[in-house]
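These values consider heavy atoms only, across backbone and side chains, with no hydrogens, waters or symmetry-generated copies. Proteins come first, then strands; the chains are lettered A, B, ... in the order of their sequence lines, and each starts at number 1.
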Amino acid sequence: MADAKESAGGLRARPMMPRPLSPHLSIFRPYINMTMSILHRVTGAANYFGSVLLAAWLISAAASDSWFGTVSWAAATPVGLIVLFGFTWSVMHHLLGGIRHFIWDTVHGFELGTVRLFSWLTLLGSLTLTGLIWAAAYPVWENLIWGKFL
Amino acid sequence: MTGYRTPLKNVRGLGSAKRGTEHFWLQRVTAAANIVLIAFLVYTALTLAGAPRSEVKAFFSQPIAAVFGVLLAISVSVHMRIGMQVIIEDYVHGASKVPMLLLNTFFSIFVAAATVLAVTKLFLGV
């Protein structure tokens with residue numbers, strides 16, 4: 001298929017003028033809804049690779065004691081705990097962002113104030129849910145953290 | 001010949017042909033499923049965090065847990081494949097685009113297959 005430039009050139013036999021560019025990221029002042037939109041994509045991509053963590057845990061449990069021991073050890077290292085904490089937040093943030101998109105799919109909540117409110121609620125909600133999950137799991141990681149660093 | 005065709009003539013018949021919402025719809029269907037399935041995952045993670053392997057096996061020997069585990073793997077992998085496809089299509093142009101799309105499909109299916117097999121093995125207790 002001929003590209004747009006060629007076919008347009010065929011009609012009006014003169015070179016194309018440079019077209020105006022639509023405004024993009026560098027043009028806009030950052031708004032909370034813009035930040036949350038970017039974070040939705042970033043967390044989605046992070047969850048994509050995070051799925052390997054879940055798969056590794058289940059595969060190791062299915063495989064053998066030594067594999068399960070290796071994965072359990074890795075998860076309990078400081079780096080492992082930070083990665084798991086980040087993964088928890090990433091999943092929660094993407095989940096709440098998805099619910100926000102479901103609301104928008106019903107063509108509700110497009111008023112500027114509501115959009116900003118949803119965006120802030122997504123961020124606060126994801127942080128709250130992450131905090132609650134890790135608070136519930138506190139007995140599991142308390143010894144890992146305090147035993148090593150304090 | 002081409003010179004006499006209008007741009008409209010060139011693109012007519014190449015459009016969406018009244019299809020093309022499948023991606024959008026499948027992304028929403030799996031998103032809705034994922035809300036429930038991630039709730040299951042959080043419950044599972046909190047139940048099994050720090051638990052020995054025997055408890056993990058016992059947990060997934062329950063049919064309902066195994067079913068949710070399999071559904072989680074399938075729904076998440078379909079959802080993440082579509083999502084990553086959109087990201088690739090947005091940012092990758094030129095020769096590497098199609099290989100990246102293929103890689104995305106293979107990766108997603110691999111994660112799903114490996115997870116389903118693991119959950120099945122845990123369920124059967126073999």
Locate the shortest heavy-atom distance separating A/Val140 from B/Ala49; write the atom from each residue and the value.
CG2-O, 3.4 Å
Using non-hydrogen atoms and a 4.5 Å limit, figure out which bit of B/Ile35 sits close to chain A: side chain, backbone, both or neither.
both
Would a distance-only check, ignoring hydrogens and angles, find a side-chain to backbone donor-acceptor pair under 3.5 Å from A/Thr114 to A/Phe110?
no
Specify the closest pair of heavy atoms between B/Arg81 and B/Asn104, including all atoms of both residues, with the distance to one decimal.
O-ND2, 3.0 Å
Keeping the roles fixed (side chain from A/Ser37, backbone from A/Asn33), state whether a donor-acceptor pair exists under 3.5 Å.
no
Given that the side chain runs from C-beta out, which part of A/Phe68 has a heavy atom under 4.5 Å from chain B: side chain, backbone, both or neither?
side chain
Contacts with chain A made by residues 116-123 of chain B (heavy-atom distance under 4.5 Å), listed by residue number
B/Ala118, B/Val119, B/Lys121, B/Leu122
Where is the tightest heavy-atom contact between A/Thr88 and A/Leu84, given as atom of each residue plus distance?
OG1-O, 2.6 Å
Would you mind checking which part of A/His94 comes under 4.5 Å of any heavy atom in chain B, side chain (CB onward), backbone (N, CA, C, O), both or neither?
side chain
The interface call for A/Ala56 against chain B, heavy-atom contacts under 4.5 Å, is neither
Do the side chain of B/Thr21 and the main chain of B/Phe24 share a donor and acceptor less than 3.5 angstrom apart?
no
What residues of residues 58-79 of chain B sit under 4.5 Å from chain A when only non-hydrogen atoms are counted?
B/Phe60, B/Leu72, B/His79
Check the angle between the aromatic planes of A/Trp141 and A/Tyr138 and answer parallel, tilted or perpendicular using the 30° and 60° thresholds.
perpendicular
Among the listed options A/Gly98, A/Ala137, A/Ala55, A/Ser51, the residue most often paired with chain B at heavy-atom distances under 4.5 Å:
A/Ser51
Which bit of B/Ala32 comes within less than 4.5 Å of chain A, counting heavy atoms only: side chain, backbone, both or neither?
both
Is chain B contacted by the side chain of A/Leu95, its backbone, both, or neither, given a heavy-atom distance below 4.5 Å?
side chain
By number, which residues in residues 40-47 of chain B have some heavy atom less than 4.5 Å away from chain A?
B/Leu41, B/Val42, B/Thr44, B/Leu46
Set of salt bridge (Lys or Arg N to Asp or Glu O under 4.0 Å) partners for B/Arg53, sequence neighbours left out
A/Asp65
Which heavy atom of A/Leu123 sits nearest to which heavy atom of A/Ser126, and what is that distance?
O-OG, 2.9 Å
I'd like to verify something: which residue of A/Ile99, A/Leu129, A/Ile59 has the highest number of heavy-atom pairs under 4.5 Å with chain B?
A/Ile59
